Asker: 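Sending over a structure as structure tokens; questions will come in a sec.
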Amino acid sequence: MKINENFLKVPESYLFTDIGRRIAAYKQAHPEADIIRLGIGDITRPLPAACVEAMRLAAAEMGTEQGFRGYPPEYGQPFLIEKIREFDYAARGVQLDSDEIFISDGAKSDTGNIGDIFDRDNIVAVCDPVYPVYADTNAMAGRAGEPGPDGKWSRLIFLPCTADNDFLPELPEKRPDLIYLCFPNNPTGASISKAKLAEWVDYANTNGSVILFDAAYEAYITGDAPHSIYEIEGAKTCAVEFRSFSKTAGFTGVRCAYTVVPKQLTVQSVSLNKLWARRQATKFNGVSYVTQRAAEAVYSPEGRRQVAANIEYCRRNAAVIAGALREAGFRVWGAQDSPYIWMQTPGAMKSWDFFDLLLDKAHVAGTPGCGFGPGGEGYFRLTAFGEAGRTLEATERIKRIFS
Ligand code: PLP
């Protein structure tokens with residue numbers, strides 16, 4: 001009997017578990033401390049009323065003879081898929097077929113599970129810093145090789161994202177099979193222009209690579225950055241796209257997302273759409289009816305208004321945080337098209353040291369950049385999801401200490 005030993009290679013706990021532990025330890029030692037958490041990327045605003053009402057109606061429907069539904073369609077309810085097709089894609093000039101959209105319980109699961117349909121020997125490229133799920137799930141699958149002392153995996157290609165390249169990765173020198181891109185980016189908050197993303201699409205099509213494009217934060221885009229990779233010509237033959245209702249509509253606790261796998265996308269003449277459909281039908285039993293009705297309500301006129309108001313709320317927080325940090329003399333990125341504010345620590349301080357300093361002096365908890373990969377060392381992430389008054393209070397404390 002043997003376990004999957006790759007699991008022994010990944011860090012023992014998830015970044016946010018470590019952060020939670022440190023905050024709990026601090027709280028125990030300083031029970032009077034009023035800690036403001038600007039760390040974890042979780043929504044704090046209540047669900048849009050339109051979604052709550054849709055859930056209430058759907059739950060009532062399920063309690064009737066005629067309205068009861070058992071297992072949902074495994075790839076998603078047609079009523080939701082049609083709304084996605086119309087509002088998220090056709091409205092931006094992208095035509096998708098219904099069977100190219102797969103409703104799921106999260107972009108985290110989908111970005112992690114997508115590896116199932118690719119060979120273990122494929123070479124994977126990830127940005128550095130990166131949303132840890134991409135690297136860790138490939139490590140669990142045995143695709144990342146061995147972890148090095150510098151925090152880098154031996155078989156992963158790390159694409160440096162630094163202040164010098166505005167946190168936009170350069171095309172790799174060595175060809176990867178799979179390329180994870182996330183824009184607007186977690187953790188750096190960087191967004192990518194159409195022209196820059198087109199370079200990646202051309203690269204992938206020329207080199208036979210597949211881009212795994214995570215657009216979980218597209219709703220935060222304010223300028224003309226692409227919301228979908230399919231706004232770029234040629235992307236349907238080289239890219240899978242992941243979207244989520246989590247950060248768009250506050251569904252982090254409700255759980256609903258979707259993945260687009262175009263039928264034109266093939267590897268070794270095999271349709272990835274077919275493989276993903278097979279994978280989902282085998283390992284996933286769909287998203288609840290009540291949840292999908294709630295997601296559908298995101299596209300109603302009231303839903304759209306309420307979602308826009310929540311995002312605007314976060315944007316204001318992001319502007320407050322970024323403004324205060326700049327006033328305090330920090331170098332700051334993100335915040336514009338993203339709920340994340342990415343800052344350089346003062347005096348090249350290590351990320352965890354700054355975490356401890358901020359927690360101790362300001363009672364503000366953020367996220368150490370090094371938790372997102374070695375390239376995040378010396379950086380720190382704050383999030384705009386908090387309550388506005390508390391966010392403002394956190395920034396005043398930071399300004400008092402560092403100005
Ligand atoms: N992708 C990125 C880049 C994220 O930052 C997150 C959550 O923080 C997710 C995916 C997870 O999305 P979901 O809640 O749909 O699983």
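The chain is numbered in sequence order, starting from 1. Ligands are counted one by one from 1 in listed order, and the atoms in each one are counted from 1 as well. All of these numbers come straight from a predicted model, not from anything done at the bench.
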Asker: So among Phe372, Phe167, Phe330, which one has a ring-ring contact (aromatic ring centres under 6.0 Å, His included) with Tyr379?
Answerer: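 Of the listed options, the one satisfying the test is Phe167.
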Asker: Under 4.0 Å between a Lys/Arg side-chain N and an Asp/Glu carboxylate O for Glu393 and Arg390?
Answerer: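 No, this pair does not count.
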Asker: As an exercise, identify every atom of ligand 1 less than 4.0 angstrom from a heavy atom of Asn186.
Answerer: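 In order of number, 3 (C), 4 (C), 5 (O).
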Asker: Report yes if some N/O of Tyr340 lies less than 3.5 Å from some N/O of ligand 1; otherwise report no.
Answerer: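 In this structure, Tyr340 places no N or O atom under 3.5 Å from an N or O of ligand 1.
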Asker: Ring centroids only, cut at 6.0 angstrom: are Phe402 and Phe354 within range, meaning strictly under it?
Answerer: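 For Phe402 and Phe354, the ring centres are under 6.0 Å apart.
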Asker: How far is atom 11 (C) of ligand 1 from the closest protein heavy atom, and which atom is that?
Answerer: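 Here the closest protein heavy atom is Tyr131 OH, 3.4 Å.
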Asker: Under 30°, 30 to 60°, or over 60°: which ring-plane class applies to Tyr89 and Tyr230, parallel, tilted or perpendicular?
Answerer: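 Rings of Tyr89 and Tyr230: tilted, as their planes differ by 30° to 60°.
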Asker: For ligand 1, which atoms have a heavy atom of Gly106 less than 4.0 angstrom away?
Answerer: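 Heavy-atom distances to Gly106 below 4.0 Å select 15 (O), 16 (O).
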Asker: Looking only at protein heavy atoms, identify the closest one to atom 3 (C) of ligand 1 and say how far it is in Å.
Answerer: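 Of every protein heavy atom, Asp214 OD2, 3.3 Å lies nearest to atom 3 (C) of ligand 1.
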Asker: How far is atom 7 (C) of ligand 1 from its nearest protein heavy atom, and which residue and atom is that?
Answerer: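 Ranked first by proximity to atom 7 (C) of ligand 1 is Lys247 NZ, 3.1 Å.
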Asker: Taking only Lys NZ, Arg NE, NH1 and NH2, and the carboxylate oxygens of Asp or Glu, determine whether Arg278 and Asp116 approach each other closer than 4.0 Å.
Answerer: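 Asp116 and Arg278: not salt-bridged.
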Asker: Can you list the ligand 1 atoms lying under 4.0 Å from a non-hydrogen atom of Lys108?
Answerer: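 Near Lys108, the atoms of ligand 1 are 11 (C), 12 (O), 13 (P), 16 (O).
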Asker: Are any of the N or O atoms of Cys182 closer than 3.5 Å to those of ligand 1?
Answerer: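 Checking ligand 1 against Cys182, no N or O pair falls under 3.5 Å apart.
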Asker: In terms of the angle between their ring planes, are Trp352 and Phe355 parallel, tilted or perpendicular, with boundaries placed at 30° and 60°?
Answerer: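 Trp352 vs Phe355 ring planes: perpendicular.
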Asker: Looking at Arg255, which atoms of ligand 1 are within less than 4.0 Å of one of its heavy atoms?
Answerer: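 In order of numbering, the contacting atoms are 13 (P), 14 (O), 15 (O), 16 (O).
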Asker: If the threshold is 4.0 Å, N to carboxylate O, is there a salt bridge linking Glu100 and Lys263?
Answerer: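 No.
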Asker: How does Tyr217 reach ligand 1, if at all, at less than 4.0 Å between non-hydrogen atoms: by side chain, backbone, both, or neither?
Answerer: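 For Tyr217, only side-chain atoms sit under 4.0 Å from ligand 1.
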Asker: Side chains of Tyr26 and Asp360: is there a donor and an acceptor less than 3.5 Å apart?
Answerer: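 Yes, side-chain donor-acceptor contact under 3.5 Å.
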Asker: Is it the side chain, the backbone, both or neither of Ser246 that has a heavy atom closer than 4.0 Å to ligand 1?
Answerer: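 Just the side chain.
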Asker: Give the contacting part of Tyr134 toward ligand 1: side chain, backbone, both or neither, where contact means a heavy-atom distance below 4.0 Å.
Answerer: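 Side chain only.
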